[in-house]
Each structure stands twice: as C-alpha cells, then as structure tokens.
Chemist: 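Pasting in a structure now, in structure tokens, and then I'll have a few things to ask.
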Amino acid sequence: MTSRPEYYTPQPYDPYAEEEQQGGWFNSDGYLPRRPQGHEVRQDYDAPQGYQQVPQGYHQVPQGYDTPQDHGVAQGHPVPQGYDTPQGYHQVPQEYDTPQDYGIAQGHPVPQGYDIPEGYGYDPGAHAYQQPDGQPAYPGQTAEEEPAAPAEPGYHVPETPEVGWDMAASRRRAWVSRAVLLCVLAVQAVLSLRLANTAFQDEALYLAAGHAELQHLLHGTPLPIDYAAYFSGSPQLYPVLAAAVDDVLGLTGARLLSLAFMLGTTGLLYSFTRRLFNERAALAGAALFAVVQSTVVMGYFATYDAAAVFLLALATWIVVRTDRAPVAAVLLAVPVAVLAVGVKYAAGLYLPTIVVLALLTGWPHQGRKAVLRMLLLALGIGAVLGAGMYGTDLMDGVRQTTTNRDHGSDSTALLLQRSGEWGGLMFLTAVGGAVSYVRRSRMNESPAAQRLGNPGWRWRALLGLVLCGTALLAPAYQIHLGTVVSLFKHVGFGLLFAAPMAGVGVTRLIGAHFRYPQLGIMLWTATLCLGISQADWRFGVWPDSSKMIQVVDSHVDREGHYLASTPEVPVYYLRDKTTHRQWQGVFALEYTDKKGTYHQGDEAYRAALRDGEFDLIVLDGLTNPRVDAVVVDAVKGNPHYRLLADLPFRNSSGTGHYRIWTKTS
C-alpha cells in the first residue's frame, strides 16, 4: 500500500517523511489532498480565504489508484459547522467508484489515486482538517516542536555499593600505612641524631659500670663498687649490653642502641594502636609520640630508659595482640614485663596498666574469660618478679632508688609546670580523644560501620580512663618524691600509653574524610616545635667535657684519690687509668681526719682539703653549687693545691667554666 504520490519529497521538518501518522491521510502540509483544478466543490461549502488557488500538479488524477473495496464514506455525514470548503472541491472528482458496503455521502465521491485505510470512512466534510497534534491549523502558524527523546547513552554506570571503600584490611592499605610509618620513624631518627654533646654523667655511669661488670663476668675482676646497691636498674642487664656495643662503636654506638629501642617502641605503639582502633589513629598517635621531648632525647641517650620503655611497649603489644587467642597466650607477656622492671625498677609503675589492658582488650571477644586472662597475667608477673627480686641482690637497689628514695625539695607547682611543658599538649589531646570516643565509638567513616557491633560506653570509658590515667602516674610519683630529677624521661613512659587516645583525638579533630587537616597539622607542628626546642635545651644542660678530659688525662693514675662534681665522666673516658673507687663526688662525704675525728657533710670536705686528701679537684659549678663554693673557699690559701686550669664552656643556661686544681705536695 502506498500513501504518498511518486513526486512527494520530504522537507527538513516533515514528520511524515519516514512513517505515516494514524488517524487519517495527509500530505506534508497537514491537510487532505486538494482536488485538481476544474473539479467543483460542493455548493454548501464556502472556501476560506487564502485557499483560492489550487496547487499545480493536481489537474489530473494519478492513474493506477483503485478505490479499495469495503471502504468509502458513510452516507449522511454532515460537514462540521465552522469549516469552509477549500476552492477546487465544488465538484466531486470523476472516475471514483463507490466501495461496496459503505455509504458515501451524496455528492462526495472518493478521490482517485488514493487508497483509504481499512476502518476509516472518508468524508471530506467531516474530516476536512484532520492533522496530528502540533501541526499548524492555518497558514502562518508554527507548531511547537515536540522535545526530542533523550538519546540512549553510550555507556551505563554500573551499580555501586553503599560505600566506595572496603572496611576490611587490604594489602594496599597496609603498605600505605607502613610507608607513612617509615616517614614518621625517619623524622624521629633525624630529630634524635641531630643532638650532640659529650657523655652525660648518667650515661658515663652506666657505661663505665657495664665495662666493670663485663670484666667481672668474663675475667673475674672484682667490682670497684657494688653497683646493684644504688642503681635504679639491674647492672647486669642494660649496662652490660651497652658496654659491649661501646667497646666496638664507642659512645655513638651506645646511643644508636637507644635509638633502635625508641624506634622499635614507636613501631610497636603503631601496631597495638592499629589493633585497638585503626590505621589513622595509629599513625597519628605514633607521629605525636615520635616528636615529644622524651622520645627524642631518650632516642640518643645511653641510659636504660629507652630499653625499659621498649620492653613495656612489647609487653603491651603482646597483650593487645593476643586478645582473641586462647587465654593462656597472655602469659607470653610475663617475661617481657618482668624484664622491663629488671632493666629499670620504675617500669613496675606501669605493670598494673598492662594487667588491666589484658581484661579490657579481651572482654569484647572472650567475655568473662577475659577476667581469667587478667588474673593469669597478674599472677605470672607477680611470681616471676618475686623470684627474681628475692633470689638476687637487687632489693637494696629497689629500696634505695625507688621505694625508699630520698625526698627532694622541689615544689609541687614546679613539678606540675614541668610536666605540663614536657607532655601537656599530647596529654590534652589524649583526653579529648577519650571523651570523643566515649561519646561516639565508631572509628570507621564507612556508613556500613554503623551496623557493626561496637563496645558499650562503659568499656570505652574504662579504656580511656586507664590509658590517659597512666600518663599521670609519673608526675604524681615525682610530686610524692619532691624531685624533678628524671621527670622528663618518666613523662615519656606515661605518654606511651596515652598515645593511642591521642591518636583518636587527632582523627576526631581532623574529622571524617580529612575535613579539617589543617587542625591536625597545626597540632603536630606545635608538638614538633616544642619537642625540638626542649630536646635541644635538654642536651645542652651539661657542659662539653672534652677539654677537661684532655687536661686531667695526664694527672690521673691508679693510685690517686680525686674529687669532682661529676666523677662518672672522667671515670668513663679514662677507664683504662682509673676506677670509680678512686673518685669522690660533691653530694655526700664522710671523712675521718688524721687526728681520728669523724666528719660528714660540708665539714668533711673542709677537713679533707686541710689534710690534702685529694690529688686532683675538678669542679663545674653546676652539679652542686653549694658544695662547690665550700670547696673553693677551702682551697683558697691552701698550700696543698694550685689552680691547674680554668676552662670556659657554654651550656643551655649560659656560660660557665671548669676549675681544676692539682695537689702540689
């Protein structure tokens, strides 16, 4: 069936160029085909204006178009009112036959050359202006173009999960966090390695004692003094290890050993914080801990503090790491915790924290079995500690340096001020993290994490209280003793346990998806600046002793008796020529003069100098200025001594000078 003449050509906007519209038969103008010229229009139609001319090409009816059977125009269909008949339709075209079964209105034969679709009665009077919606009804009107259907996209966005990341651990996440941790450790190492000075008196004491212990263990050489009676840690543990390294690499090697311990501490801190919370909190906590003064200084300080804090971190890591393991696995932490106390007795102050962590970390996974876990750890540590203390001669050292230590005269205000300066910023961050963790437990930013079970607020509150409260133990103990000595190191022990909560505080400060990274950067930068300035000041407190050692080297032998502000320093550097037994310090002296009179305190120094007891006197004016003044007054006009050297030096407090006297007769 053909619905268009042969000469029909589609126009640019012709909705009928491709397919016909249902509902009628129309040409490209939207009207029924016009009758060729010469055909008369029905008398009862008035042609509208503007349609007087008949289009050319309609004078003859196209041949070959038969009128389909069963189609026609129903009889009696009146023409709708208000429609005028276009010119050229006054007469009915000839040669149209009326289809069977259809009534054709009088005077309306079917035009030749057009087929009528089935089901349509053709009546020009009734359907004179059939056109689809949107076609102009009159010349000059413009139809509104139908909006084109959106083009089918060339691709389809796949269905995405609820979140764009996975909460589960992945190899990529692990390697990224480890790379960041390496950067943190590199910063920590650089901060420690930039420190420089000669041996501090504590370093010199432990290294010299370690050499003496080595000689005693290897060759049976008698010890010059009983180090165990007044050391705050076992002289057979860290001092021996450090002395073995010192024999090969010198003081720098012993300090690098401490650096290795502190780097290991930071790594363990990251590991168990990641286990407790997540990678971000672990990295933030490790980054803060790595730059505080205690960490930086202990990382290049050849004392047993670095080894002790490392062992505490290792014991804590074992407790946290075995939270899902069988209950007996927690006993792996027992020897490590006991060894930490053996290295430094003050480390025992933090054992209750480790024992309570055995309960808190095991409770979410093992329930009531966590109580048994805690009891096993406490009993194991107690049994091994008791056997070690009472089976050796270390109890005297524990009493003298820890439990029965002499009280100082430093005020509580001073100790609180120093504690705040050296660890207050990190401690406040930890408190903020603990409070926020109690209020909201979810540590993962994924919305799917809301459906996970989280520990209750009581458990979270206990964890925050234990970790943050541990940071207060050292300042409280030092306030009890009334001394600021070693406070800067002991603050670092407590910050190790507060660091996980400090990491939580930093992540909450930054916000989800790193909303406020500048706040975290500002906090870390402030901690870094404080750590650098305080570490530089701390490492410059004691004077450079290199010139002093050069002067006294030729005046020291195995027979003399010497007085010095810091006798440990020359004993360490000149250990091949002298021992601790030959040296006297400026803190306590008991002396019996040549007449048999017993003296002690300041009077003992005066009596000894009157008798010419000391072959060499070395004072720095810093260690104990009061006794130094007593000695200076005693040697004035004393015929036994002459001034050998006056060596200026510069330290953190300003300038000073070594004054050295040698015996003349």
Side-chain angles (χ1 to χ4, degrees), residues 167-169 174 265 267-279 281-282 285 310-341 347-388 430 433-434 437-444 448-471 473 494 496-501 503-504:
M167 293 187 299
T265 299
L268 290 171
L269 167 64
Y270 162 81
S271 182
F272 67 72
T273 304
R274 178 174 175 267
R275 182 82 169 184
L276 287 172
F277 302 113
N278 58 21
E279 291 93 343
F310 169 78
L311 292 170
L312 286 175
L314 181 58
T316 305
W317 178 83
I318 293 173
V319 168
V320 175
R321 191 67 181 82
T322 58
D323 56 353
R324 298 171 178 84
V327 172
V330 77
L331 294 175
L332 294 173
V334 169
V336 179
V338 172
L339 187 60
V341 177
L349 194 63
Y350 304 95
L351 293 186
T353 298
I354 298 176
V355 171
V356 175
L357 282 177
L359 170 65
L360 292 177
T361 56
W363 186 269
H365 311 288
Q366 301 186 19
R368 297 183 183 276
K369 289 184 178 180
V371 178
L372 177 60
R373 187 169 184 260
M374 178 185 67
L375 293 176
L376 277 178
L377 181 61
L379 292 175
I381 291 176
V384 178
L385 269 180
Y437 185 57
V438 172
R439 295 182 60 187
R440 179 170 63 89
S441 65
R442 184 162 65 93
M443 294 298 300
N444 199 297
Q450 297 178 354
R451 298 191 293 269
L452 300 177
N454 293 307
W457 70 269
R458 292 182 180 85
W459 183 92
R460 302 196 303 271
L462 283 174
L463 182 63
L465 181 63
V466 168
L467 295 179
C468 293
T470 303
L473 293 179
L496 168 67
F497 294 93
M501 278 301 171
V504 174

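Along the sequence shown, residues are numbered consecutively beginning with 1.
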Chemist: Tell me every residue that passes ring pair (Phe, Tyr, Trp, His ring centres under 6.0 Å) with F497, counting only those two or more places apart in sequence or in another chain.
Modeler: Y350
Chemist: With sequence neighbours left out, write down each residue that passes side chain to side chain donor-acceptor pair (under 3.5 Å) with W363, or none if nothing qualifies.
Modeler: none
Chemist: Which atom names give the shortest non-hydrogen contact between V319 and A333, and what distance separates them?
Modeler: CG2-CB, 3.9 Å
Chemist: With sequence neighbours excluded, what pairs up with T316 under the side chain to side chain donor-acceptor pair (under 3.5 Å) test?
Modeler: none
Chemist: Residues in side-chain contact (heavy atoms from CB on, under 4.5 Å) with R324, at least two apart?
Modeler: R275, H365
Chemist: Does R274 reach the main-chain N or O of A282 with its side chain, forming a donor-acceptor pair under 3.5 Å?
Modeler: no
Chemist: Taking the side chain from Q366 and the backbone from A325, do they hold a donor-acceptor pair closer than 3.5 Å?
Modeler: yes
Chemist: Less than 4.5 Å apart, side chain to side chain, heavy atoms only: is that true for L360 and M374?
Modeler: no
Chemist: Any side chain to side chain donor-acceptor pair (under 3.5 Å) pairs touching residues 375-385, not counting sequence neighbours?
Modeler: none
Chemist: So do T470 and L496 actually touch side chain to side chain, heavy atoms under 4.5 Å?
Modeler: no
Chemist: List for me each residue that meets side-chain contact (heavy atoms from CB on, under 4.5 Å) alongside A347, sequence neighbours excluded, and say none if there are none.
Modeler: L312, A340
Chemist: Would you mind reporting whether I318 and V330 have side-chain heavy atoms less than 4.5 Å apart?
Modeler: no
Chemist: Can you find a side-chain donor-acceptor pair between R373 and T322 that sits under 3.5 Å?
Modeler: yes
Chemist: Show every side chain to side chain donor-acceptor pair (under 3.5 Å) that has at least one partner inside residues 330-341, sequence neighbours left out.
Modeler: none
Chemist: Quick one: does any side-chain atom of W457 pair with a main-chain N or O of R439 as donor and acceptor, under 3.5 Å?
Modeler: no
Chemist: Could you work out, with side-chain contact (heavy atoms from CB on, under 4.5 Å) as the rule, every residue matching A174, not counting sequence neighbours?
Modeler: R178
Chemist: Taking side-chain contact (heavy atoms from CB on, under 4.5 Å) as the definition, give me every residue that meets it alongside L375, ordered by chain and number, with sequence neighbours left out.
Modeler: V371
Chemist: Can you list, pair by pair, the side-chain donor-acceptor contacts under 3.5 Å of residues 376-384, counting residues two or more places apart and other chains?
Modeler:
none

Chemist: Heavy atoms only: give me the nearest L467-P500 pair and the separation to one decimal.
Modeler: CD1-CB, 4.3 Å
Chemist: Apply side chain to side chain donor-acceptor pair (under 3.5 Å) to T273 and list each qualifying residue two or more places apart in sequence or on a separate chain.
Modeler: none
